[in-house]
Trainee: 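I have a structure I would like to understand better, so I am pasting it below and will then ask my questions one at a time.
Quick note on labels: first sequence line is chain A, next is B, and so on, each numbered from 1.
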Amino acid sequence: MNPVPAANPSAGPLRIAVVGHTNTGKTSLLRTLMRDPEFGEVSDRPATTRQVEGAVLTVRGRGLAELYDTPGLEDSISLLDHLDALRGADRRMDGPELMQKFLHESQGQPGGTFAQEAKAIRQVMASHAALYVIDARDRVLGKHRDELTILAFCGRPVVPVLNFIASPEAQMQAWRDHLSRAGLHAVAEFDTVVIDDQSERRLLETMRTLLDGHRESIDALIEDRATHRKNLLRASTALIAEMLVDVAAFRVSIPLESDVRSSREVARLRQLVRHREQRCVRELLELHHFRPGDVQAGELPVVDGQWGTDLFSPAALKQFGVRTGSAAAAGAIAGLTIDAMVGGMTLGAATVLGAGIGGTLGLAQTHGRRLFDRLRGFSEFSPDDNTLTLLIARESTLVRALLQRGHASMKPIAMEAPAKNPTASFPRSRTMKDALDEVRLHPEWSALDDRTTGSGMMSPGRSMVIDRLIDEIVQQFAGKASKAHFAGDSK
Amino acid sequence: MAVLFGLVLAFIGGAAAGRALLGTPRDEPANFFLVLMGVLGVQTTLLLIWIAVMLFGRQAAGSMLALSSIGGFIVQGGQRLAAAIHRGMMPRAALMAHGRMILDPAIARGTFSAISHGLWLAFNCGCLLMIIVLLSARQYTFAWETTILNADSYVPLTRAVAALPRLAGFAAPSNEQIVAAQWRGSDEAFTQDRDDSRAWSAFLVGCLVMYGFAPRLLLMAWSIGQRRSALSRYRLDLTRPEFLRLEATLMPVAAPLGVRDGDDAAEPSPFRPADLSDSAPIAKVGTGLPAILGFEIERPSVWPPQLHGMTWTDLGIVETRDQQHAIIHELQNGNSPPRSIVLVGGLTSVPDRGVERFVTQVQRTTKSPLFLLLTGGQSLRQRADLNGLEQRIADWRALASRVGIAMERVLELDLDHLTDESRSRLAQVTGRDSSAGDSAVTRETRRLEASFKLVSDWWRSHDGSKPPDADDAVRLHQSIMGLHSEEAGSWRSWLRVPGQLSGTSAHEIASTLSQGSRRFMDMLPLTLRNSPKWLAAGAMAGALGCVAAAALLSPVAIGALPLWSAIGAAVSGVLHAHRSQAAVSSPPSETSLTERDQIVRSAVLLAMMLELQGRGEALITRVLQDAVDPVEAALPFEISAFQEWLDEQRHRFDQALAREIQTGGGTS
């Protein structure tokens with residue numbers, strides 16, 4: 001049996017009780033804050049959470065704040081009646097004393113009517129503060145007022161958290177009025193389904209205003225979360241950059257006379273590129289702690305960790321607003337560029353020029369073979385700029401969606417097709433193009449195929465190009481801050 | 001390994017260079033400055049470049065060196081060799097990790113510089129050794145010569161060059177020895193004192209040591225020192241994705257603490273009405289008006305809900321604690337209990353214990369039968385997906401059964417979107433028969449005007465320039481049916497509409513459609529049956545009605561099905577059957593189904609039939625008999641005349657219906 005806690009717990013790390021009417025999203029809030037989609041149980045039914053379950057938020061291994069999920073308050077009206085009766089004629093009894101009396105009494109009756117409420121209240125009394133979670137779509141009713149009255153009896157600072165603010169039914173103004181009339185002016189807003197980093201930070205900052213004694217812990221949490229987000233973004237772009245290099249550098253050569261359409265090599269090229277993209281998507285999901293089934297539907301279908309639209313179809317290009325200048329957008333050579341040379345006559349001029357200007361000694365050995373092939377009358381196929389742009393576009397959209405997706409959402413994610421918004425279509429920046437052109441000069445950098453020995457993977461040039469790509473993509477993200485704020489410093 | 005190999009190579013290379021440069025003494029004297037240049041030239045140039053890179057390159061120095069210095073080449077070569085030899089995943093991973101580490105700017109600088117310097121050091125060693133061996137074993141003479149430079153400047157030049165080696169203790173030729181060593185041409189024999197030669201060779205060795213060997217040695221030591229300190233300062237880049245993944249497992253942002261206050265096995269007992277006084281007066285079953293009580297819902301646009309001629313006792317909408325107390329009090333002490341109480345709850349609210357408690361209180365307080373009406377279905381549909389909606393309704397129903405409200409007394413009706421059907425259910429609930437009461441049953445919403453408007457619009461858009469096709473006809477009938485979609489259930493069963501138009505051949509589809517055709521035909525009055533055109537129109541209405549209904553049920557690609565031929569087949573099949581059964585007075589004439597007139601007739605019949613549905617087939621037949629004039633003439637082409645014709649039909653329809661109602665009552 002839990003002991004009735006002292007009136008003013010001052011020792012130990014920060015303890016917060018998460019309370020509210022049943023089914024307002026308390027467990028979901030915890031899931032989002034913990035980045036753990038498996039904590040507790042979430043459903044649309046009443047009284048899903050029936051126990052007090054705790055979680056600790058850690059920074060570099062140190063637990064800084066303990067959050068406690070509580071069973072929802074279901075019948076505050078009769079509880080208030082009951083408390084009135086309990087107080088009886090004793091007008092001198094203040095809030096916390098009344099609560100102690102109530103908890104004492106409910107301890108004696110394990111299966112009592114107010115057992116759930118008692119658990120929640122006991123946790124509030126044992127914590128430094130309470131987060132009162134409100135479903136902003138609900139109308140303001142009398143029972144909510146009663147809940148706040150009961151919470152006020154506990155004598156702990158209360159931070160109201162308005163949940164589901166992204167829903168069109170949310171009644172923000174009504175709730176804010178109601179809360180300020182109850183004396184609660186520091187109100188946090190959240191949406192456990194569509195999160196942006198600002199709302200988590202603001203929630204923590206609101207808590208900080210009421211919990212001055214734990215200011216350092218909360219500051220550390222805020223900073224750690226911001227750093228995490230930045231690192232997550234950078235790591236995501238690293239995965240994308242690796243994929244880009246693998247794909248851009250890869251090429252197959254087939255004899256000129258052979259039929260392009262039926263060439264198995266070309267089909268194999270496409271298949272390898274598709275697989276590489278899928279692998280990147282899986283890695284991204286894993287990095288963001290999502291399971292493949294979490295991201296589905298919407299206009300950009302990613303089903304079970306794979307993109308629904310084929311990478312090489314014109315539809316995919318259209319979805320992302322990638323304008324295709326060349327007629328090679330469809331058909332057998334879709335998504336590929338050809339560098340064909342017959343007897344030394346026609347050359348991909350840019351390639352050779354670049355090679356000449358490149359100036360590194362290693363050029364001769366990488367190009368020797370290729371030039372030789374060309375002289376013999378082979379043509380080389382490699383993924384073209386449109387494919388690369390599309391890869392960047394798709395994966396960047398996915399990353400943006402993942403960064404905004406709360407872990408509490410039970411519904412499939414809805415990703416917005418950037419083609420709707422023409423200004424958001426991906427510009428092909430000069431730096432990116434230069435970097436990718438350089439990558440094309442080094443087929444040994446591609447790990448796409450097991451045939452290559454992979455010795456080129458360790459070349460310093462490859463690492464340098466990857467770093468450049470990462471910086472470029474991160475900049476693109478920062479430039480296109482639609483809803484989320486990706487600027488690393490939140491200050 | 002590669003470095004070692006490189007060192008050996010460099011050593012050998014140095015030796016070879018020394019040998020080559022010194023040449024054979026018997027042919028000619030060794031050209032001193034040429035030898036010096038040969039050994040020192042390239043490496044000094046590269047040394048100067050290295051200094052420039054180190055001074056001005058800063059961060060990029062490491063990567064520049066990695067790519068293009070000799071050290072860089074050796075290391076890359078070594079990596080490639082290692083990658084070729086070691087093929088397992090672990091060695092590969094180790095190689096890649098090592099490779100990434102050396103590319104760290106500080107480490108790269110030290111590493112590659114050290115290797116380069118070391119290689120040149122080996123070269124110098126080899127060269128030196130070879131030169132010393134040669135000088136010991138052969139008798140060399142040293143000379144210098146010049147074509148473009150001033151001979152006199154060589155002395156100060158040589159002294160300047162000798163400055164450094166002399167500091168270190170090496171001998172250097174004196175001025176006279178320098179002058180004496182000048183090569184004057186092959187015509188003169190060149191002789192040199194042994195002392196001179198010795199001095200020159202000492203000078204050579206001294207230069208090599210001081211300008212080649214020593215700097216490289218010092219710089220190598222310095223680079224190694226740099227590398228050491230960089231290594232000790234090296235930290236892993238923990239922002240890489242692989243590390244972040246590890247971090248998620250090893251150092252997660254949050255960890256569960258477990259359950260504190262466990263879930264006791266016992267369910268919390270529902271509200272015990274201990275607080276309810278037992279002395280509530282037992283009310284007789286009321287004969288008053290039905291009462292309606294809202295509970296924590298948003299006030300609907302119309303409250304109390306409208307049913308014709310009905311009045312409710314409005315108990316209001318309860319939202320707060322005080323209101324709850326008040327209403328219970330009122331129910332307890334009210335002297336004329338209502339006939340029934342309809343408690344309206346919202347589907348968007350969660351049916352929790354507090355709700356159950358209140359409903360139980362109401363149930364126990366009043367002796368009137370309690371009905372539970374659940375509104376707000378539309379709002380919930382917008383919020384939740386289908387499973388959530390069903391689950392919520394199930395939860396409410398479970399609550400109702402716990403409280404003791406019978407299943408059939410729980411209704412889901414959205415009070416903001418009332419339809420005729422829902423209204424009649426509500427009326428039923430409150431104990432009103434829909435037939436008793438008002439004699440003039442005016443249907444709340446008549447669709448006939450709207451249907452006829454659709455027909456006239458269609459007529460206007462199809463002005464006969466090209467014959468209408470199957471799609472147009474189907475769409476017209478579909479839109480008429482769409483007006484009646486709320487009564488969908490009843491006319492679908494009435495028409496025997498199949499679940500879907502299965503089958504792909506016209507024949508199969510025709511057989512499913514013919515049922516509907518026949519139903520329609522059977523309801524036509526004799527007057528219409530005797531008119532071939534109207535008969536055909538009736539059959540077509542049935543078939544098209546089926547198609548339209550099926551399309552509404554499951555919007556399948558109607559265009560893909562061979563519908564027109566199917567409809568034609570169904571209709572002619574049915575007509576044929578009819579002709580063979582009944583005695584037809586007028587000779588059967590071919591009626592083209594694709595005429596606009598026919599389509600309009602069929603649509604008019606359909607609209608009328610749908611308007612009348614639910615009233616019984618005999619009445620329908622009678623009304624149609626009076627309403628439709630079986631004139632075979634072509635329908636007026638011009639739109640206003642056409643409109644008049646439609647109005648005429650409607651007028652007759654109204655009259656016929658009114659007559660029927662007066663004589664026979666609402667339904668028959």
Trainee: Return the OG to CG distance between S43(A) and D395(B), rounded to the nearest 0.5 Å.
Mentor: 8.0 Å
Trainee: Is Q323(B) close to chain A through its backbone or its side chain, or both, or neither, when contacts mean heavy atoms under 4.5 Å?
Mentor: neither
Trainee: Of the backbone (N, CA, C, O) and the side chain (C-beta and beyond), which part of R392(B) lies under 4.5 Å from a heavy atom of chain A, both, or neither?
Mentor: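 Side chain only.
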Trainee: Would E319(B) and K143(A) pass as an ion pair if we require N to O under 4.0 Å?
Mentor: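 So E319(B) does not pair with K143(A) through a salt bridge.
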Trainee: The test is side chain to side chain contact (heavy atoms under 4.5 Å, CB included); show your working for T348(B) and R137(A) and say whether it passes.
Mentor: CA-CA 9 Å; T348(B) 45; R137(A) 300 170 303 189; over 6 Å; no
Trainee: For the NE2 atom on H325(B), are there more than 12 heavy atoms of other groups (residues, nucleotides or ligands in this structure) within a distance under 6.0 Å?
Mentor: yes
Trainee: Given the options R225(A), R234(A), R145(A), H144(A), which has more heavy-atom pairs under 4.5 Å with chain B than any of the others?
Mentor: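 If we count pairs closer than 4.5 Å to chain B, R225(A) comes out on top.
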Trainee: Relative to chain A, which of P256(B), G354(B), G346(B) shows the most heavy atom pairs under 4.5 Å?
Mentor: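 Top count of heavy-atom pairs under 4.5 Å with chain A: G354(B).
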Trainee: Answer yes or no: does atom CD of E41(A) have more than 12 heavy-atom neighbours from other residues, nucleotides or ligands under 6.0 Å?
Mentor: no
Trainee: Would Y68(A) and L257(B) count as a side chain to side chain contact (heavy atoms under 4.5 Å, CB included) here? Give the steps.
Mentor: CA-CA 9 Å; Y68(A) 291 94; L257(B) 283 176; 3.8 Å; yes
Trainee: The test is salt bridge (charged side-chain N to carboxylate O under 4.0 Å, His left out); show your working for D84(A) and R321(B) and say whether it passes.
Mentor: CA-CA 13 Å; D84(A) 275 344; R321(B) 190 170 144 227; 2.8 Å; yes
Trainee: Is any side-chain heavy atom of L287(A) closer than 4.5 Å to one of L244(B)?
Mentor: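 Answer yes - side chains close enough.
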Trainee: Could you tell me which portion of R45(A) (side chain, backbone, both or neither) has an atom closer than 4.5 angstrom to a non-hydrogen atom of chain B?
Mentor: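 Both backbone and side chain of R45(A) come within 4.5 Å of chain B.
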Trainee: Does any heavy atom of chain B fall under 4.5 Å from the side chain of E283(A), the backbone, both, or neither of them?
Mentor: both
Trainee: Please identify, among A65(A), A85(A), G142(A), A235(A), the residue contributing the most non-hydrogen atom pairs under 4.5 Å to chain B.
Mentor: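 Of A65(A), A85(A), G142(A), A235(A), A235(A) has the most heavy-atom pairs under 4.5 Å with chain B.
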Trainee: Given that the side chain runs from C-beta out, which part of L221(A) has a heavy atom under 4.5 Å from chain B: side chain, backbone, both or neither?
Mentor: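 Contact with chain B involves no heavy atom of L221(A) at all.
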Trainee: Tell me, for L80(A) versus chain B, whether the close heavy atoms (under 4.5 Å) come from the side chain, the backbone, both or neither.
Mentor: both
Trainee: Of all heavy-atom pairs between P351(B) and P46(A), which one has the smallest distance, and what is that distance?
Mentor: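 That closest heavy-atom pairing would be O-CG, 3.4 Å.
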Trainee: Roughly how far apart are S78(A) OG and R353(B) CZ, rounded to 0.5 Å?
Mentor: 7.0 Å
Trainee: Which bit of D81(A) is near chain B, if near means a heavy-atom gap under 4.5 Å: side chain, backbone, both or neither?
Mentor: both
Trainee: Return the OG1 to CG distance between T320(B) and L141(A), rounded to the nearest 0.5 Å.
Mentor: 9.5 Å
Trainee: Shorter than 4.5 Å, heavy atoms on both sides: which option in L67(A), N231(A), V52(A) has the most such pairs with chain B?
Mentor: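 Ranked by heavy-atom pairs under 4.5 Å with chain B, first place is V52(A).
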Trainee: To the nearest 0.5 Å, tell me how far D75(A) CG sits from F358(B) CZ.
Mentor: 11.5 Å
Trainee: Are there over 12 heavy-atom neighbours, none belonging to R62(A), within less than 6.0 Å of that residue's CZ?
Mentor: no
Trainee: Apply side chain to side chain contact (heavy atoms under 4.5 Å, CB included) to V253(B) and L57(A), showing your working.
Mentor: CA-CA 6 Å; V253(B) 294; L57(A) 299 180; over 6 Å; no
Trainee: Given side chain to side chain contact (heavy atoms under 4.5 Å, CB included), test E74(A) with V350(B) step by step and report yes or no.
Mentor: CA-CA 10 Å; E74(A) 286 190 81; V350(B) 181; over 6 Å; no
